[in-house]
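Here is the structure we will look at.
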Amino acid sequence: MPRLSVIVYGQNTQGHLTELLDGLEARPLPDAEVVVAAVGDWARETAEGHDPQTVVVPLPDGTGDAAARAAGAARATGQWLHFVHAKDGLPAGAPRLIAERLAELDDTVDVLLLDRVTTTWQSAAVPARDGRLLAAAGRATLALDEAPDLLRLTPLLGTRVLRAGFWQAHQEQLASDDEPYAAQAALLRAGRVACLNQVAYDDRRLRPESLPPLTHHDRFALIERYESLLPLAKDRRAARGVLYDLMVRDLVRTFAREDLPEPVAREFFRRASLAAVRWRPEGHQRPAGVEGVRHALLEEGAYTKYRAFQAANRTRRAARKAVRTRKRQAGTMLRDRQYRKALSRPVDPDLAVFAAYWERGVACNPAAIAAKLAELAPHIHPVWVVAKDNAALLPPGTDHVVPGTRRYWETLATAKYLVNNVNFPNAVVKRPDAIHLQTHHGTPLKRMGLDQMDHPAAAKGLDFAALLARIDKWDYSVSANSHSTRMWERAYPARYTSLDHGYPRNDVFYTAGAAEVRAARERLGIAPGRRAVLYAPTHRDYEAGFTPRLDLAALADRLGEDTVLLVRAHYFYGGAASPLTGLRRTGRIIDVSSYDPVEELCLAADALVTDYSSIMFDYANLDRPIIVYADDWETYRTTRGVYFDLMTEHPGQVARTQEELTEILTSGAWRNESAAKARAAFRRRFCEYDDGRAAERVVRRVFLGEPEDALPPVLPIEDRTPAPTPEEATA
């Protein structure tokens, strides 16, 4: 009996079934089966022309979705059923993600909830808000009243995986032709539910003009849906309150937004009012503000008052919008005029603009280049682009501009040099005599740029045409190794010059001495003699927020009093590292998510534990132990796409479970001969150009115009001396 049955059902609407089945064939699962409940000849022929292992259930034209789901489920043999409409999609690796999560669940769970993206006729893989609700629920199994907000998830059956026995017990409700009803009924009938906070479903929205128009009866059906769902919540007090709020919200929105004929609008309002009064829970509190007024008028059945209130609101909104629009247009016109005027001025040969990580501050390769520029070309004045909220964190005396201000546009217009580790905004004009230097901010393991086109869950609606326009402005692209050079040229095809000079931010790993290592550890509060392990995981494109993949408290306990864990969440999550709150255990777990520069953390650490973060390539310069914790490698590799197999070309030991990681760190395997051999091969490949003089080479080549053959040559890796280890520095 397979664990999972993927039941594809419905007509081959607009030909999307082919793409769905191709994706399922490309990554088959040994513990899953595919059943296609094919409605109509085109769907049947499409399904039969694919994998012969696929079970095809031919159904006549006109078979409804509910009947198709039931027919597919009747042929399925899996312990769990995932209903996927033929028009929708499954992101790469989704069935594996689902199967792995199902394997963790016990028999009390009836429904597994999934995150999703939305694809339309004009956009691809747009993230949904559902991820936040799933992240808040966590990975524990729950009764619905413990997390009633899960009812606020988009009512889509494809994001609910159902236990087969649960489906059979409640088939009459779950097989309803009203899919939102079936999706909500699944939650209300479930004993316990679990969540998968990863994108595992692609909800394809067809162009409305290609579908039959909604009838008046379709609007009334919304009221009937909720009046059928609310009795299912009679014994779930918290869930009933949420469901009631959802009903009133949806009824009010339908009435307000749909252009209903007057007689239909009056009848809809009357029925909605009766439902709002009939099902209002005892002691229920209306929301505050305008929404509360709407609820009150609906319950009162005050159609005329509601229309007057609606008209007054529209007038106020229109007036406010007009004011905002005029201000925005005036501001945009002023900015454009100022920018155009500034673009007419001569380029200032002694002005350089620096930015890093989307205006975060002085950091990364741009910071190292700016520091070397001050030494070798002090006549060139640096100005940093920094977001308003981060300006207070700048080193004293740092000249900076805030995005959107007049000086910002004037500086960008007249600077000879523009340096960034990401791209400048689309509106920035590339002047012929200006130089754009792209420094990047890591060595690529995961797919980047145009290579993300085949991985929509990672690209998340990236505008590839705009990306190409941005990279066409580059004059130089900095690289740390020949692998990066090749991948940048593939992912970012344009006419820039690759600078195979090394990453300037990594110079410190060869220029720092024992005093700098000791100082870094003292700033972090690491006592002499303690081992410091830096844990720096990367973000997951298919997850909504940062959740530590390790039980950090348990790991700290197993490693003992002499080990300190430095835990750094990825910068994409900003201040979202809240799961780390409260984990400071007598100084043995330190949240360094906001600590800059990250190079200091590397200097202070005896070893690095990471997953797929580019920090491993930088840290390898120190020739210190690296442990890869790859608990979800197959999922990450499939959904994000990678350039090489980290499981065979790793920088040290590899752990697939927390127990394996603990064993590596407690047994001494983290720094044994096997780990050292793997690290040496990794360093030869990925630390190719980093030797402590990368910033000097970049400054001399780009800012001083020196020819490449006059630059300091890259020192062979065997002739380099990295910064001393903490053990050596504190001996």
With a 4.5 Å limit on heavy-atom distance, are the side chains of [X] and [Y] in contact?
{"X": "Leu187", "Y": "Arg160", "result": "yes"}
{"X": "Arg447", "Y": "Arg490", "result": "yes"}
{"X": "Leu552", "Y": "Tyr535", "result": "yes"}
{"X": "Thr538", "Y": "Thr610", "result": "no"}
{"X": "Pro231", "Y": "Trp279", "result": "yes"}

Parallel, tilted or perpendicular: which one describes the rings of Phe686 and Phe682, with boundaries at 30° and 60°?
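Rings of Phe686 and Phe682: tilted, as their planes differ by 30° to 60°.
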Are there more than 12 heavy atoms of other residues, nucleotides or ligands under 6.0 Å from atom [atom1] of [X]?
{"X": "Arg558", "atom1": "CZ", "result": "no"}
{"X": "Arg129", "atom1": "CZ", "result": "no"}
{"X": "Gln14", "atom1": "CD", "result": "yes"}

Go through the side-chain N and O atoms of [X] and [Y] and say whether any donor and acceptor fall under 3.5 Å apart.
{"X": "Glu33", "Y": "Thr77", "result": "yes"}
{"X": "Asp178", "Y": "Ser176", "result": "no"}
{"X": "Tyr636", "Y": "Asp611", "result": "no"}
{"X": "Arg116", "Y": "Thr154", "result": "yes"}
{"X": "Ser674", "Y": "Asn672", "result": "no"}
{"X": "Trp42", "Y": "Gln11", "result": "no"}

Could you tell me whether Arg69 sits above the aromatic face of Tyr9, with NZ or CZ closer than 6.0 angstrom to the six-membered ring centre and within 45 degrees of the axis?
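Yes, a cation-pi geometry.
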For Glu634, is there an ion pair with Arg637 - N to carboxylate O distance below 4.0 angstrom?
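Result for this pair is no, no salt bridge flagged.
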Salt bridge or not between Arg205 and Asp203? Use side-chain N to carboxylate O under 4.0 Å.
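Yes, Arg205 and Asp203 are salt-bridged.
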State, to 0.1 Å, how close Val6 and Leu90 come at their nearest heavy-atom pair, and which atoms those are.
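Val6 and Leu90 have their closest heavy atoms at CG1-CD1, 4.2 Å.
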